[in-house]
Engineer: 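Got a structure here, written out as structure tokens. Questions coming.
Letters A, B, ... mirror the listed sequences (proteins, then strands); counts begin at 1.
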Amino acid sequence: MSTVFIALQANEETRPIIEAIEIDNPLAVVNRQPAMVKIDAPNRLVIRKETIEEQIGREFDLQELHINLITLGGNVTEDDDSLTLSWAE
Amino acid sequence: MQIDLRTVSIQPLRQTFDHLARRFGDKPASRYQEGGYDIQAAENLHYKPTWDPDQELYDAKITKIVMQDWYALKDPRQFYYSTYTLARARQQDATESNFAFVESRGLADMLPPAVRETALKLLVPLRHAAWGANQNNTLICGYGYSTIFTQPCMYHAMDNLGIAQYLSRLGLLLGDTEALDEGKAAWLEDSAWQPLRRYVEDTLVLRDPFEAFVAQNVALDGLLYPLVYARIVDDTLSAQGGSAVAMLTQFMTDWFDETKKWVDAVLKVAAAESDNNRAVLQDWIRAWSTRAASALLPVVEIALGAQADDAVGEQLADFRARIQKTGITL
Amino acid sequence: MDMKVAKKKLGLKEKYRLMTRDLGWEPTYRAKDEVFPYVNYEGIKVHDWDKWEDPFRLTMDSYWKYQAEKERKFYAIIDAHAQNNGHLNITDARYLSALKIFLQAISPGEYAAHKGFARVGREFPGVGTQVACQMQAIDEIRHAQTQIHALSNYNKYYDGFHAFADARDRIWYTSVARSFFDDAMSAGPFEFMIAIGFSFEYVLTNLLFVPFMSGAAYNGDMATVTFGFSAQSDEARHMTLGLECIKFMLEQDPDNLPIVQGWLDKWFWRGFRVLGLVSTMMDYMLPKRVMSWREAWEIYGVENGGALFKDLARYGVRPPKGWDDAEKAIDHMSHQFMLGLYQWSFGTSFHSWIPSDEDMDWLSAKYPTTFDKYYRPRWDHIRKLAVAGTPFKNFGLAKLCQTCQLPVVFTEPDDATMSCHRETEYKGEKYHFCSDGCQHIFDNEPEKYVQAWLPMPSLFQELNGDIGAWMNWVGLRDGEDNGDYSGSRDQRNFDQWRGMATSNT
Ligand SMILES: [Fe+2]
Ligand SMILES: [Fe+2]
Ligand SMILES: [Zn+2]
């Protein structure tokens with residue numbers, strides 16, 4: 001098992017994104033630090049557009065993630081509806 | 001404890017960084033100055049490039065242009081990353097609403113078929129020419145000397161990519177993916193496009209960054225933009241019921257008006273530096289603009305037919321007058 | 001009128017393909033080698049540039065839109081920071097040493113990355129690769145500029161920032177970072193990508209930025225938190241580019257593996273040495289500490305780097321050769337380096353200091369196997385000298401490593417009582433190294449590393465050892481920029497200004 005992770009700035013815009021990530025990734029562990037939230041998950045973490053949209057009640061373009069992204073670890077796969085981080089198992 | 005720091009009145013020890021104080025005096029520097037002057041390494045470079053051991057890592061001698069201070073080539077727009085990006089974001093907002101307007105009212109479908117046909121035939125292959133411009137400006141930024149000269153070239157390169165992408169969107173909107181395929185086939189095969197493609201490929205082998213600047217930004221774009229976007233799209237096609245096309249290329253028209261001020265400023269300072277520079281620039285501009293004019297002729301014919309000759313001739317005269325103002329006589 | 005033909009719905013990937021790689025073409029009027037002259041000499045074989053997988057697919061319109069949003073936020077915060085004397089919010093002016101080192105040594109690296117990516121953004125024959133590199137080129141000038149802009153206000157009130165452009169080219173310790181970036185830029189395009197795109201961005205940048213920015217947050221420095229996180233939001237793209245690039249090289253041809261592995265070995269060690277500066281900053285320079293260098297290494301080195309190399313094992317890649325030596329150095333490097341900085345503090349444009357009792361207790365808790373045993377006694381000794389009025393100063397010539405340019409201050413990987421020193425003789429000259437890693441790098445490319453500009457020998461050759469003349473030349477003002485923090489002008493001013501803010505006088 002390897003850990004993938006994503007870190008986002010801690011602010012009002014990322015709060016619902018983090019909630020969405022928790023919903024879609026039951027194994028994810030959320031670490032809150034000053035100004036930064038780091039989310040670790042075993043092998044795989046999915047960020048889904050639809051789940052974020054449900055949280056914020058408006059359309060969300062996954063590329064909006066770039067604004068508050070701090071760093072990530074894992075191979076990135078991106079399509080219209082989701083962004084996935086993974087390590088080969 | 002919350003303390004109110006605003007109430008503390010303290011005297012600064014100095015107004016700016018040493019290298020800016022040497023250039024401009026000890027007074028608060030602008031963000032353009034802070035972000036551009038002397039931020040490229042200048043001394044004690046460690047190793048020669050393995051890709052060309054005759055060069056230095058940052059080398060002012062790889063061009064025929066000689067400047068005592070390369071930081072003299074100031075950008076009148078004073079673009080640094082932030083001002084550049086904010087300016088383009090505003091323009092992309094406007095472009096986005098233009099595309100949305102054309103799309104939502106079905107204006108593309110209401111274009112007279114001949115206008116649509118001309119627009120596709122003329123504009124879609126130009127996305128490849130814009131890619132060539134991106135390549136050249138990336139090279140100038142990469143190998144040119146001094147941030148003040150090179151940073152606008154990186155912005156210019158990204159602008160050219162943006163223009164290539166707007167032209168691709170225009171092709172998709174007026175004609176779908178086939179339009180892009182046909183445009184590329186024309187760029188590669190059609191006789192009308194071959195002189196221009198040859199011109200672009202010849203610029204892609206230039207390794208003198210300043211000559212690339214002249215061949216691309218001065219000569220080719222100095223003729224192409226006013227001919228294609230102002231004369232053909234804004235005037236001719238609009239008069240034929242194609243103002244929707246002009247909405248889709250408004251970015252290019254505005255962009256050329258803005259960027260040519262920078263191009264002219266660079267030429268002016270470089271030419272004023274020495275007779276040698278002026279002579280080199282004169283030769284380059286003369287040779288490249290003559291070639292550019294004849295390469296553009298068959299392209300202009302796509303839209304203007306028999307009037308193309310006159311149009312290119314007039315544009316060339318305008319171009320010469322413009323260059324004359326920078327102190328270079330053609 | 002119902003002539004509307006339904007347009008094909010294009011997916012993200014297909015649309016991006018049309019917007020980027022479809023723009024390029026095979027030249028026919030000129031030979032491809034003329035257009036892309038530098039892409040073959042390193043020996044990397046690429047059969048199909050179309051197999052390149054685009055990391056984040058940003059077209060220029062989205063790029064401008066999102067980046068402008070970041071810029072607006074960033075400048076709003078640093079404007080407010082300057083207007084409100086935000087610098088007085090920091091925990092203590094000692095903290096500024098970290099920022100001074102950053103501006104003198106790291107921001108110029110951002111600029112070098114900008115230039116380097118512009119070059120490879122032109123030299124690779126694949127459009128997808130070019131576009132990704134060009135975007136990184138423009139991002140990296142953003143980083144250089146936002147850093148200068150954020151730190152500009154500190155320069156007005158504190159010493160040590162004013163001559164960063166002179167220090168970049170002339171002072172001894174910046175040469176560590178400068179030679180690193182010069183090394184990458186003087187390499188071919190593929191090696192540059194492994195050096196900066198992969199090793200630096202993917203393997204090491206988290207260790208540099210994330211603890212640094214958290215440190216800034218803990219120490220009340222909103223300007224730095226802001227430039228740091230704003231820059232990091234681009235780094236995620238850069239890291240992904242670096243990872244894609246190495247995978248692409250390895251997938252294209254099995255012959256690429258040994259070349260890539262050699263570069264990984266080299267650039268991991270080169271990068272690890274540059275991070276020596278960061279270890280010191282984390283363990284010693286933050287008045288309020290976030291985590292130790294050891295703890296940061298556990299998260300971003302061991303855990304994340306480990307996962308990465310496990311993932312890459314499917315291509316036959318093994319972890320970099322210096323990995324074990326790095327692990328052995330973790331519990332020592334920050335202490336060895338800070339001891340060095342303190343004794344040469346006459347020649348640094350930032351302050352250093354003797355750690356307090358409280359600092360030392362923290363260090364022994366974080367480094368239970370090394371600090372009390374090896375380093376506390378040395379600090380105690382140095383403190384005794386300072387108290388007696390005979391502070392420990394070393395004006396002697398620091399022997400610098402020919403490869404990484406750090407003073408040779410480290411110990412043997414397996415014996416912390418033995419100082420580590422290696423020598424190679426090449427064409428009748430002797431060259432010194434701090435470690436096996438640095439010696440190997442030299443031995444693989446001696447013709448390159450004999451060219452290194454070594455700041456200390458230059459001082460003695462060109463300026464005849466005249467320290468005053470040297471200080472002028474590097475822009476260091478004696479008694480202001482350098483020396484011990486205790487008694488410095490920064491300390492006096494900060495304490496006085498803070499006093500003005502908290503009282504009525
Ligand atoms: Fe950066
Ligand atoms: Fe980066
Ligand atoms: Zn070394």
Engineer: Using non-hydrogen atoms only, which part of L83(A) is less than 4.5 Å away from chain C: side chain, backbone, both, or neither?
Structural biologist: side chain

Engineer: Is it true that K65(C) and E69(C) have a side-chain N and a carboxylate O under 4.0 angstrom from each other?
Structural biologist: no

Engineer: Counting heavy-atom pairs closer than 4.5 Å to chain A, which one of F56(C), Y300(C), Y218(C) comes out on top?
Structural biologist: F56(C)

Engineer: Less than 4.5 Å to any heavy atom of chain A: does that hold for the side chain of L243(C), its backbone, both, or neither?
Structural biologist: side chain

Engineer: Give the member of N75(A), D79(A), T3(A) that has the highest number of heavy-atom pairs under 4.5 Å with chain C.
Structural biologist: N75(A)

Engineer: Side chains of T14(A) and N68(A): any donor to acceptor distance under 3.5 Å?
Structural biologist: no

Engineer: Under the ring pair (Phe, Tyr, Trp, His ring centres under 6.0 Å) criterion, do F102(C) and F227(C) qualify, and how do the steps go?
Structural biologist: CA-CA 12 Å; F102(C) 197 95; F227(C) 86 61; 5.6 Å; yes

Engineer: Looking at E54(A) and K49(A), is any side-chain nitrogen of the basic one under 4.0 Å from a carboxylate oxygen of the acidic one?
Structural biologist: no

Engineer: Please flag which part of V290(C) lies under 4.5 Å from any non-hydrogen atom of chain A: side chain, backbone, both or neither.
Structural biologist: neither

Engineer: Taking atom types as modelled, is there a side-chain donor on S2(A) or K310(C) under 3.5 Å from an acceptor on the other?
Structural biologist: yes

Engineer: Can you tell me if S230(C) and R142(C) form a side-chain donor-acceptor pair at under 3.5 Å?
Structural biologist: yes

Engineer: Please classify the contact of L10(C) with chain A as side chain, backbone, both or neither, using a heavy-atom distance under 4.5 Å.
Structural biologist: neither

Engineer: Just so I understand: if I count every heavy-atom pair under 4.5 Å between each of E64(A), K38(A), Q33(A) and chain C, which residue has the most?
Structural biologist: E64(A)

Engineer: So which of L312(C), L58(C), D54(C) has the biggest tally of heavy-atom pairs under 4.5 Å with chain A?
Structural biologist: L58(C)

Engineer: Hydrogens and angles aside, do Q67(C) and E71(C) bring a side-chain donor and acceptor to less than 3.5 Å of each other?
Structural biologist: no

Engineer: With chain A, which of M213(C), E244(C), E53(C), M239(C) has the greatest number of heavy-atom pairs at distances under 4.5 Å?
Structural biologist: M239(C)

Engineer: Which atoms of E78(A) come close to chain C, meaning under 4.5 Å heavy atom to heavy atom: side chain ones, backbone ones, both, or neither?
Structural biologist: both

Engineer: At a 4.5 Å cut-off on heavy atoms, which part of R237(C) comes close to chain A: side chain, backbone, both, or neither?
Structural biologist: side chain

Engineer: Do E295(C) and S292(C) have side-chain N/O donor and acceptor atoms under 3.5 Å apart?
Structural biologist: yes

Engineer: Taking every heavy-atom pair that is under 4.5 Å apart, which of L8(A), V76(A), D61(A), I67(A) has the most such pairs with chain C?
Structural biologist: I67(A)

